[in-house]
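Heads up, the thing below is written out as structure tokens.
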Amino acid sequence: DPATGLLTRVSRTLGPSFAERALTAGEGQVAIAAAFSSTSYDKLSKFGLNNLPLGSVTASNPANARVGTGDFHLTSKTLTMAGTVGIAPKVDVAVIVPLITATLEAVTTQVDGNGRLIRLAETNTKFSGIGDMAAILKFKAAKLPGPEIPDPGGLGFMLTMRLPTGSRENLRGLGVYRTMASAIFSAGKGPFKPHASGGFEFWSKSVDVPTA
């Protein structure tokens, strides 16, 4: 606190859960964070992953008919580590590194018109490694009127680039560069502290998803 020379909190809250805030870390300050999430998938587009139709062949002779189905269990566990450094009073740089473990358990079957099992394939595969990393540049352009401490809020801008460091084949990334430019507004006075952020993301190319 410049008025007293004592250490004090720049902000009285940890910030919003789903939006950004204009506050920067401060020159020479370092922040480290980690988050963990576990996700299970039960649908691919509008199709359920249990008893998923894979194709069928009709024939006048039931012995030549074929119906294929599959049961898929896909889960992912992500440990996200982030580090932020204030390189100037109003400028932060940050790096986000996700460590992903994706597990695919699948059983595919094919039966003929008589209900006889013709073919069975089974897998239990685990893919582990780095996902798509992100590099972030954040700039606080203006602050709202009021003392520096606690932070009164203001307007900021952020540039986020996601790099295709994760393997798309192993379900850990998208295989494209993504760059998001966003604007941030936050207010810090009184019991009501609104925050808002919005932007536009540019992709280096589209992501094709086979449907057949």
Side-chain angles (χ1 to χ4, degrees), residues 16-20 31-59 62-84 94-136 158-182 197 199-212:
S17 298
F18 301 105
E20 276 292 337
I32 298 174
F36 176 79
S37 64
S38 179
T39 307
S40 298
Y41 302 88
D42 57 8
K43 284 186 177 182
L44 178 64
S45 184
K46 61 182 179 179
F47 301 103
L49 294 181
N50 290 326
N51 201 31
L52 178 68
L54 299 180
S56 62
V57 176
T58 59
N64 295 327
R66 298 289 186 270
V67 176
T69 58
D71 288 315
F72 300 90
H73 302 279
L74 178 62
T75 61
S76 65
K77 293 179 173 61
T78 304
L79 174 63
T80 303
M81 297 182 294
T84 303
V95 175
I96 299 176
V97 181
L99 303 178
I100 301 174
T101 297
T103 303
L104 175 63
E105 300 177 21
V107 177
T108 58
T109 59
Q110 192 179 68
V111 297
D112 64 13
N114 296 319
R116 184 178 60 177
L117 182 67
I118 302 298
R119 180 181 175 186
L120 172 66
E122 186 174 356
T123 186
N124 187 344
T125 308
K126 183 177 293 185
F127 309 103
S128 297
I130 295 177
D132 288 347
M133 298 172 55
I136 300 173
M158 190 165 69
L159 189 67
T160 304
M161 173 173 279
R162 298 190 179 275
L163 311 174
T165 51
S167 170
R168 181 180 177 185
E169 292 75 15
N170 291 338
L171 309 176
R172 299 198 316 269
L174 292 179
V176 299
Y177 289 92
R178 292 168 284 163
T179 303
M180 173 176 280
S182 55
S197 58
F200 188 84
E201 190 170 56
F202 303 85
W203 290 40
S204 60
K205 61 180 180 180
S206 61
V207 176
D208 297 324
V209 179
T211 57

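The CE atom of M161 sits 9.0 Å away from atom OG of S204, with the distance rounded to the nearest 0.5 Å. S37 contributes atom OG, which lies 10.0 Å from atom NZ of K77 (distance to the nearest 0.5 angstrom). Interatomic distance, CZ of F72 versus OG1 of T123, reported as 10.0 Å (0.5 Å rounding). Remark: T80 OG1 to L99 CG distance equals 8.0 Å, nearest 0.5 Å. For the atom pair E122 CD and T108 OG1, the distance stands at 9.0 Å (nearest 0.5 Å).
Screening N124, N50, T103, V107 for a side-chain contact (heavy atoms from CB on, under 4.5 Å) with H73, the sole residue that qualifies is N50.
Within the 3.5 Å criterion, the main-chain N or O of N114 finds a donor-acceptor partner in the side chain of D112. Side chain of S76 to backbone of T101: no donor-acceptor contact under 3.5 angstrom is found. At least one donor-acceptor pair under 3.5 Å links the side chain of D71 to the backbone N or O of N51.
Among all heavy-atom pairs drawn from T109 and L117, the shortest one is CB-CD1, 4.0 Å. Counting all heavy atoms, side chain and backbone alike, A59 lies closest to A65 at CB-N, 4.0 Å.
Contact check for M133 versus P98: side-chain heavy atoms found under the 4.5 Å cut-off. Side-chain contact between D42 and L49: absent, with no pair of heavy atoms (C-beta onward) separated by less than 4.5 Å. Contact annotation: the side chain of L74 approaches that of L171 to within less than 4.5 Å [non-hydrogen atoms, C-beta and beyond].
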Practice problem: Output, in order, the C-alpha distance, side-chain angles, deciding distance and verdict of side-chain hydrogen bond (donor to acceptor under 3.5 Å, both in side chains) for T75 and S40. | Solution: CA-CA 4 Å; T75 61; S40 298; 5.6 Å; no
For residues 172-182, which side-chain donor-acceptor pairs fall under 3.5 Å, sequence neighbours excluded?
{"from": "R172", "atom 1": "NE", "to": "I130", "atom 2": "O", "distance (Å)": "3.2"}
{"from": "R178", "atom 1": "NH2", "to": "D132", "atom 2": "OD2", "distance (Å)": "3.0"}
{"from": "S182", "atom 1": "OG", "to": "M158", "atom 2": "O", "distance (Å)": "3.4"}

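Heavy-atom contacts from other residues, nucleotides or ligands closer than 6.0 Å to CD1 of I32 number 12 or fewer.
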